[in-house]
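In what follows, chains are A, B, ... by sequence order, proteins preceding strands, each numbered from 1.
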Amino acid sequence: MTDRKASEPKEENNGNEKSTRPSNFIEEIIEEDLRSGRYDRVHTRFPPEPNGYLHIGHAKSICLNFGLAEKYGGLCNLRFDDTNPVKEEQEYIDAIKEDVRWLGFDWGDREYYASDYFEQLYEWAVELIKKGKAYVDDLSAEEIRQYRGTLTEPGKESPYRNRSVEENLELFQRMRAGEFPDGSKVLRAKIDMASPNLNLRDPVMYRILHARHHRTGEKWCIYPMYDWAHGQSDSIEGITHSICTLEFEDHRPLYDWFLDQLGIFHPRQIEFARLNLSYTVMSKRMLNELVQGGYVNGWDDPRMPTLSGLRRRGYTPEAIRDFCTRIGVAKADSIVDISLLEHCIRDDLNKRAPRRMAVLRPLKVVIVNYPENQVEEMEAVNNPEDESMGTRKVPFSRVLYIERDDFREDPPKKFFRLAPGREVRLRYAYYIKCVDVIKDENGEIVELHCTYDPETRGGWSKDGRKVKATLHWVSASHAVPIEVRLYDRLFNDPNPAGHKDRDFKEFLNPESLETIPRAWAEPSLANARAGERFQFERLGYFVVDPDSTENQLVFNRTVPLRDTWAKIEKKMKGAS
RNA sequence: UGGGGUGUAGCCAAGCGGUAAGGCACCGGGUUUUGGUCCCGGCAUGCGGAGGUUCGAAUCCUCCCACCCCAGCCA
């Protein structure tokens, strides 16, 4: 073995160094920065604006930022980018913190707010004014827009651009003092009105807003713009790598300009492509519209791609984190197929969720040769993937419910569940054979008569006789009634926001929620608690909704099991 | 008709001059007391297009095309 080792090609990363290959372009940049000495540590930040709830797109950013810090032995801050008091609220701050924590990340005591830096930002603005790099402009918003020029034509300079330093200093001080009404003046950086990059055409640094801020109250009536606040906040916190989404690429020259003018610690901004998911929308504006318009029941509606919605839907933090690592990080705009997310949650829950039996659309079955008042406790495995999860007892008796879908009076080809004269296995119980089909006056099947084979207790037969199907069931007199909410994709279209002339709401899936007010579950489920997840055998993964009460359990379907039969059936229908 | 980006399979995504990883989806087959899981196999003579450099190009050069972002006192 040792000589074989000697003959193998040399590993670059042997020794005590962690053998971590960069797994995306950001890690490559970071490793190069570490190697070159540009930075001697890694410090990132997740900087949400508290104006909405976090969604799975944010999860990508959270996993990236906290993940990078962890991988390189650094730190990641949580920083609220709260520079716009008219849009931001404490409610969002609380929700965001809860979601980040739930996802599994810890910012320690590094909970920061851009608003903590307002005083420092003000002083730096004064410094820029003194250097002749910023000025107070009296132009109206409309005029500023006109003076800015267009994509193809340069802008022109404001008539107020060349005020003296003294005048600018005085005016800016009076802006802060509240002497001017909203919109009457702004502080602008003096850069280049002819720059092909519009962000450099004298960007606004401060606007006057006589609004109460959720944290600073009435202290300020001038508020910094994103560009002026963000980089400087990064610098104050000693952020080395400031990771943001693609649309800020054009802002990077401005990010760098401010830092260079001030001569302060200079973090590096790196941009990556935000996450898009098929069959949903990811913009805060649209999500907010769904909530406000009552198209869903709040930010945590289980159909929402918000973290609170996914949580209520039954998604685990582990599955979401797994998803975030599987999608990768790159700069190409993309729409990830939602089936990957579904795969991640199934993969996680398959290993962890205890199995139970529940019948959603009951069909009554009477075992005609089973003793009238007899009850047997059948032993059932809690999770075939994990023996340590043990077994439980499930009561069996003469009258049962099975799934209506599991019986066909006239079975199509490849349907090998129950049918007249056919024998199937009831999971963990007995083989039963259908001997009679009872219908009502409308011809609707209301009940099945079956016989059972006492020699097949537990679901085995001594003679080695095979049955092709195994059905789940509950004992009618023992089952507990439950409400079940079946969730499906919120939209019918893979890219609802991608249609130029159509509103995304036109693509809402009218069947995204189907409520089954009365389904039946095996009795062991009776004391399930909100948040507990189960696999209902052969159906899918379900979680107990917080709407549950003492006498009414409510289950949300997280995701159905893969369903090969449904696929076959669909194909056969399509063929005929 | 300015500037900044991006194009590798149906969807993501590796690749960094030596002959196209991986995952999801999909299609076969095996195991199975969940038509689940698991296992095995298939799935780009091809990397937006056209030229060029090279013994050799997804990787380098040139031109072209497509798509995304930017004209908030939003972030």
Checklist entry - Would you say A/Lys567 reaches B/rC26's phosphate, i.e. side-chain N/O to OP1/OP2 under 4.0 Å? => result yes
Checklist entry - Is any side-chain N of the basic residue among A/Glu342 and A/Arg562 closer than 4.0 Å to the acidic one's carboxylate O? => result no
Item to check | P gap between B/rC55 and B/rA9, integer Å | outcome: 31 Å
Next on the checklist: Once you apply a heavy-atom cut-off of 4.0 Å, does A/Glu537 come out as touching a base, just sugar-phosphate, or nothing?
Outcome noted: base
Checklist entry - Using atom P of each nucleotide, how far apart are B/rA25 and B/rC38 to the nearest Å? => result 10 Å
Checklist entry - Given A/Arg427 and A/His472, is the side-chain hydrogen bond (donor to acceptor under 3.5 Å, both in side chains) satisfied, shown in steps? => result CA-CA 6 Å; A/Arg427 180 142 234 224; A/His472 62 279; over 6 Å; no
Checklist entry - Can you tell me the Watson-Crick or wobble partner of B/rG2, both distances under 3.5 angstrom? => result B/rC70
Item to check | Side-chain donor or acceptor of A/Glu522 paired with backbone N/O of A/Val394 under 3.5 Å | outcome: no
Item to check | Side-chain N,O (A/His472) to OP1/OP2 (B/rU34) below 4.0 Å | outcome: no
Item to check | B/rG52 and B/rC47, which share atom name P, separated by this distance in whole Å | outcome: 16 Å
Next on the checklist: What is the distance, to the nearest angstrom, from the CD1 atom on A/Ile335 to the C1' atom on B/rG7?
Outcome noted: 15 Å
Checklist entry - Under 3.5 Å, is there an N or O donor on one side and an acceptor on the other linking the side chain of A/Arg346 and the base of B/rU37? => result no
Checklist entry - Which part of the nucleic acid, if any, lies within contact of A/Val329, taking any heavy atom under 4.0 Å across all strands shown: a base, the sugar-phosphate backbone alone, or nothing? => result sugar-phosphate
Next on the checklist: Taking the nucleotide of RNA chain B with the nearest heavy atom to each, does A/Val336 or A/Leu426 sit closer to the 5' end?
Outcome noted: A/Val336
Checklist outcome for this item: The nucleotide from B/rU6, B/rU37, B/rG35 with an atom nearest the side chain of A/Glu385 is B/rU37
Next on the checklist: Within the 4.0 Å limit for protein heavy atoms, which parts of nucleotides 66-75 of chain B are touched? Write it as a string from 5' to 3', B for base, S for sugar-phosphate only, - for none.
Outcome noted: --SBBBSBSB
Next on the checklist: Between B/rA20 and B/rU45, how far apart are the two C1' atoms, rounded to whole Å?
Outcome noted: 11 Å
Checklist entry - For A/Tyr122, which of A/Tyr117, A/Phe172, A/Tyr223 qualifies under ring-ring contact (aromatic ring centres under 6.0 Å, His included)? => result A/Phe172
Next on the checklist: Closest approach to the side chain of A/Pro384, judged atom by atom: which nucleotide of B/rC38, B/rA13, B/rG36 is it?
Outcome noted: B/rG36
Checklist outcome for this item: Classified by glycosidic angle (syn within 90° of 0, else anti), B/rG72 comes out syn
Next on the checklist: Using a 4.0 Å heavy-atom cut-off, does A/Ile568 contact any base of the nucleic acid, only the sugar-phosphate backbone, or nothing at all?
Outcome noted: base
Checklist entry - For A/Glu28, which contact category applies under a 4.0 Å heavy-atom criterion: base, sugar-phosphate, or nothing? => result base
Checklist entry - Nearest-Å distance, CG (A/Asp406) to C1' (B/rU34)? => result 11 Å
Checklist entry - With a 4.0 Å cut-off on heavy atoms, is A/Phe416 in touch with a base, just the backbone sugar-phosphate, or nothing at all? => result base
Checklist entry - Nearest-Å distance, OH (A/Tyr428) to P (B/rG36)? => result 15 Å
Checklist entry - Is it true that A/Glu569 and A/Arg408 make a salt bridge, defined as a side-chain N closer than 4.0 Å to a carboxylate O? => result yes
Checklist entry - When all nucleic acid strands are considered with a 4.0 Å heavy-atom cut-off, which category describes A/Arg201: base, sugar-phosphate, or nothing? => result nothing
Checklist entry - Given atom NZ of A/Lys351 and atom C1' of B/rU37, what is their separation to the nearest angstrom? => result 11 Å
Item to check | C1' atoms of B/rA66 and B/rC27, separation to the nearest Å | outcome: 31 Å
Next on the checklist: Base, sugar-phosphate or nothing for A/Lys414? Non-hydrogen atoms, less than 4.0 Å.
Outcome noted: base
Checklist entry - Between the base of B/rG35 and the side chain of A/Arg538, is there a donor-acceptor distance below 3.5 Å? => result no
Checklist outcome for this item: A/Glu179 meets the salt bridge (Lys or Arg N to Asp or Glu O under 4.0 Å) criterion, sequence neighbours left out, with A/Arg174
Checklist entry - Under 4.5 Å between any side-chain heavy atoms of A/Leu64 and A/Ile62, yes or no? => result no
Checklist entry - A/Arg417 has an atom CZ; how far is it from atom C1' of B/rU34, in whole Å? => result 11 Å
Next on the checklist: So A/His58 and A/Lys284, do their side chains get closer than 4.5 Å, heavy atoms only?
Outcome noted: yes
Checklist entry - With sequence neighbours left out, what residues match A/Lys466 under salt bridge (Lys or Arg N to Asp or Glu O under 4.0 Å)? => result none
Checklist entry - What does B/rG56 pair with, Watson-Crick or G-U, if both distances are under 3.5 Å? => result none
Checklist entry - Does a nitrogen or oxygen in the side chain of A/Ser339 sit under 4.0 Å from OP1 or OP2 of B/rC11? => result no
Checklist outcome for this item: Under a 3.5 Å limit on both distances, the Watson-Crick or wobble mate of B/rC63 is B/rG49
Next on the checklist: I'd like to know if A/Lys331 pairs up with A/Glu249 as an ion pair, taking the criterion as any Lys NZ or Arg NE/NH1/NH2 lying under 4.0 Å from an Asp or Glu carboxylate oxygen.
Outcome noted: yes
Item to check | B/rC69 and B/rU34, which share atom name P, separated by this distance in whole Å | outcome: 49 Å
Checklist entry - Taking atom C1' of B/rG2 as reference, at what distance in whole Å does atom CE of A/Met193 sit? => result 15 Å
Next on the checklist: Tell me the interatomic distance from A/Gln535, atom CD, to B/rU34, atom P, rounded to whole angstroms.
Outcome noted: 11 Å
Checklist entry - Just how far, in rounded Å, is C1' of B/rG10 from CD1 of A/Ile338? => result 16 Å
Next on the checklist: Could you tell me how far B/rU19 sits from B/rG56 if I compare only their P atoms? Round to whole Å.
Outcome noted: 15 Å
Checklist entry - Expressed in whole Å, how much space separates the P atoms belonging to B/rA75 and B/rC70? => result 15 Å
Next on the checklist: Counting the atoms with a prime plus P, OP1 and OP2 as sugar-phosphate, which does A/Arg425 contact under 4.0 Å by heavy atoms, base, sugar-phosphate, or nothing?
Outcome noted: base
Next on the checklist: So A/Phe536, base contact, sugar-phosphate only, or nothing? Heavy-atom distance under 4.0 Å.
Outcome noted: nothing
